[in-house]
Amino acid sequence: MAALTPTQALTPSATITTVSGATSPTAGSTETSSTPGLNLPPISSALPPSLASHLATVRSEAAKHHVEVKRPRVQQFATPASDLATPVNTRDKNGSLRVVTARGDLTGQEELAWIAGGVTAHGNVDCSQTFQFMSNKPAAKRDNMLVCWRTSAERSVVTVMVDMDGNPSLKKSLATVHDHWKKMG
């Protein structure tokens, strides 16, 4: 139940109130839904009837069981990057490494939308372990995760390293960013 309504443009004053009382941005107005305990925008009549029915059921169940509504963080970017390559995922016994490349600037997009401070510069590559995955949850440092990236108007490389022991390799992440950056020419 990560998202209960389709992604729409946000207005700065619009909020929803979750069952736990926390607020977060939402699309459109602050009109309440027919679901008690949740202050959600009404279900759009433009949705197919089967989806509208499904959303109504999900909202009802969420309210009945006092489940907190979680909203993904909104990606902030001027123009979407073109030619986003299929991410490359590698796994080992202790974690994983994901590499995302694109022809264009991924700042504020994809995995870089998670960055919420704690950025350190390592030459021309930035890295962070502080993330915010949902708009109604505070940012937090994740010791087992490291995101490193290099962006320009023409190309971007992002690595996401997860190490289950809490020691993601900065050296390996930086080397991977540099290697893919060179390959993109």
Enquirer: Tell me, please, which residues at least two apart from Asn124 pass side chain to side chain donor-acceptor pair (under 3.5 Å).
Expert: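 Once residues adjacent in sequence are excluded, Asn124 has no partner under the side chain to side chain donor-acceptor pair (under 3.5 Å) criterion.
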Enquirer: Give me the atom names and distance for the closest heavy-atom approach of Glu61 to Lys64.
Expert: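 That would be OE2-NZ, 3.0 Å.
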Enquirer: If you look only at distance, which donor and acceptor atoms sit under 3.5 Å apart when one is on a side chain in residues 165-178 and the other is two or more places apart or in another chain?
Expert:
| unit_1 | atom_1 | unit_2 | atom_2 | d |
| --- | --- | --- | --- | --- |
| Asp165 | OD2 | Asn94 | ND2 | 2.6 |
| Ser169 | OG | Lys172 | N | 3.0 |
| Ser173 | OG | Ser169 | O | 3.1 |
| Thr176 | OG1 | Lys172 | O | 2.8 |

Enquirer: Looking at every non-hydrogen atom in both residues, tell me the closest pair between Ala139 and Ala116 and how far apart they are.
Expert: CB-CB, 3.5 Å
Enquirer: When you compare the side chain of Leu106 with that of Val158, does any pair of heavy atoms fall below 4.5 Å?
Expert: yes
Enquirer: Give, for atom OG of Ser156 and atom CZ of Arg103, the distance between the pair rounded to the nearest 0.5 Å.
Expert: 10.0 Å
Enquirer: Could you work out, with side chain to side chain donor-acceptor pair (under 3.5 Å) as the rule, every residue matching His122, not counting sequence neighbours?
Expert: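 If we apply the side chain to side chain donor-acceptor pair (under 3.5 Å) test to His122, skipping adjacent residues, the hits are Thr120.
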Enquirer: Restricting to salt bridge (Lys or Arg N to Asp or Glu O under 4.0 Å), what partner residues turn up for Lys183, sequence neighbours left out?
Expert: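 Only Asp179 meet the salt bridge (Lys or Arg N to Asp or Glu O under 4.0 Å) criterion with Lys183.
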Enquirer: So how far is it from Lys182 NZ to Met184 CE, rounded to the nearest 0.5 Å?
Expert: 15.0 Å
Enquirer: Stepwise, does the side chain to side chain contact (heavy atoms under 4.5 Å, CB included) test hold for Ile115 with Val147?
Expert: CA-CA 8 Å; Ile115 305 301; Val147 174; 4.0 Å; yes
Enquirer: More than 12 foreign heavy atoms under 6.0 Å from CE of Met164: is that the case here?
Expert: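 Not more than 12 within 6.0 Å, no.
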Enquirer: Using modelled atom types and a 3.5 Å cut-off, is there a donor and acceptor pairing between side-chain atoms of Thr57 and backbone atoms of Ser53?
Expert: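 It does hold such a pair.
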Enquirer: Are Val125 and Trp114 in one and the same hydrophobic cluster, where Ile, Leu, Val, Met, Phe, Trp and Tyr link if side-chain heavy atoms are under 4.5 Å apart?
Expert: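 Different clusters.
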Enquirer: If I take atom OG1 from residue Thr151 and atom CG from residue Asp126, how far apart are they, to the nearest 0.5 angstrom?
Expert: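 The OG1 atom of Thr151 sits 7.5 Å away from the CG atom of Asp126.
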Enquirer: Between the side chain of Gln129 and the main-chain N/O of Asp143, is any donor-acceptor distance below 3.5 Å?
Expert: yes
Enquirer: Report the distance from atom OG of Ser152 to atom CH2 of Trp181, rounding to the nearest 0.5 Å.
Expert: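 Between atom OG of Ser152 and atom CH2 of Trp181 there are 3.5 Å.
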Enquirer: Please list all pairs passing the salt bridge (charged side-chain N to carboxylate O under 4.0 Å, His left out) test where one or both residues lie in residues 144-162, with sequence neighbours left out.
Expert: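 Sorted pair list comes back empty.
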Enquirer: Are Val119 and Leu112 joined in one hydrophobic group, where the rule is that I, L, V, M, F, W and Y side chains link up if heavy atoms are under 4.5 Å apart?
Expert: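 Yes, it is one cluster - the side chains of Val119 and Leu112 are joined through contacts under 4.5 Å.
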Enquirer: Hey, are the side chains of Phe133 and Arg142 touching, using non-hydrogen atoms and a 4.5 Å cut-off?
Expert: yes
Enquirer: Taking only residues at least two apart or on different chains, which pairs with a member in residues 85-101 satisfy salt bridge (charged side-chain N to carboxylate O under 4.0 Å, His left out)?
Expert: Arg98-Glu111
Enquirer: In the single-linkage hydrophobic clustering (I, L, V, M, F, W, Y; side-chain heavy atoms under 4.5 Å), do Val99 and Val160 co-cluster?
Expert: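 Result: no, two separate clusters.
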Enquirer: OG1 of Thr90 to CG of Leu97: how many Å apart, nearest 0.5 Å?
Expert: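 Reported value, rounded in 0.5 Å steps: 4.5 Å.
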Enquirer: Quick test of your reading: applying disulfide bond (SG atoms under 2.5 Å apart), list the pairs with at least one residue in residues 150-185, sequence neighbours left out, ordered by first then second residue.
Expert: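 Residue pairs with at least one partner in residues 150-185: there are none.
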Enquirer: With sequence neighbours excluded, give me every disulfide bond (SG atoms under 2.5 Å apart) pair touching residues 128-175.
Expert: Cys127-Cys148
Enquirer: With disulfide bond (SG atoms under 2.5 Å apart) as the rule and sequence neighbours excluded, what pairs involving residues 152-185 come up?
Expert: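 Not a single pair qualifies under disulfide bond (SG atoms under 2.5 Å apart).
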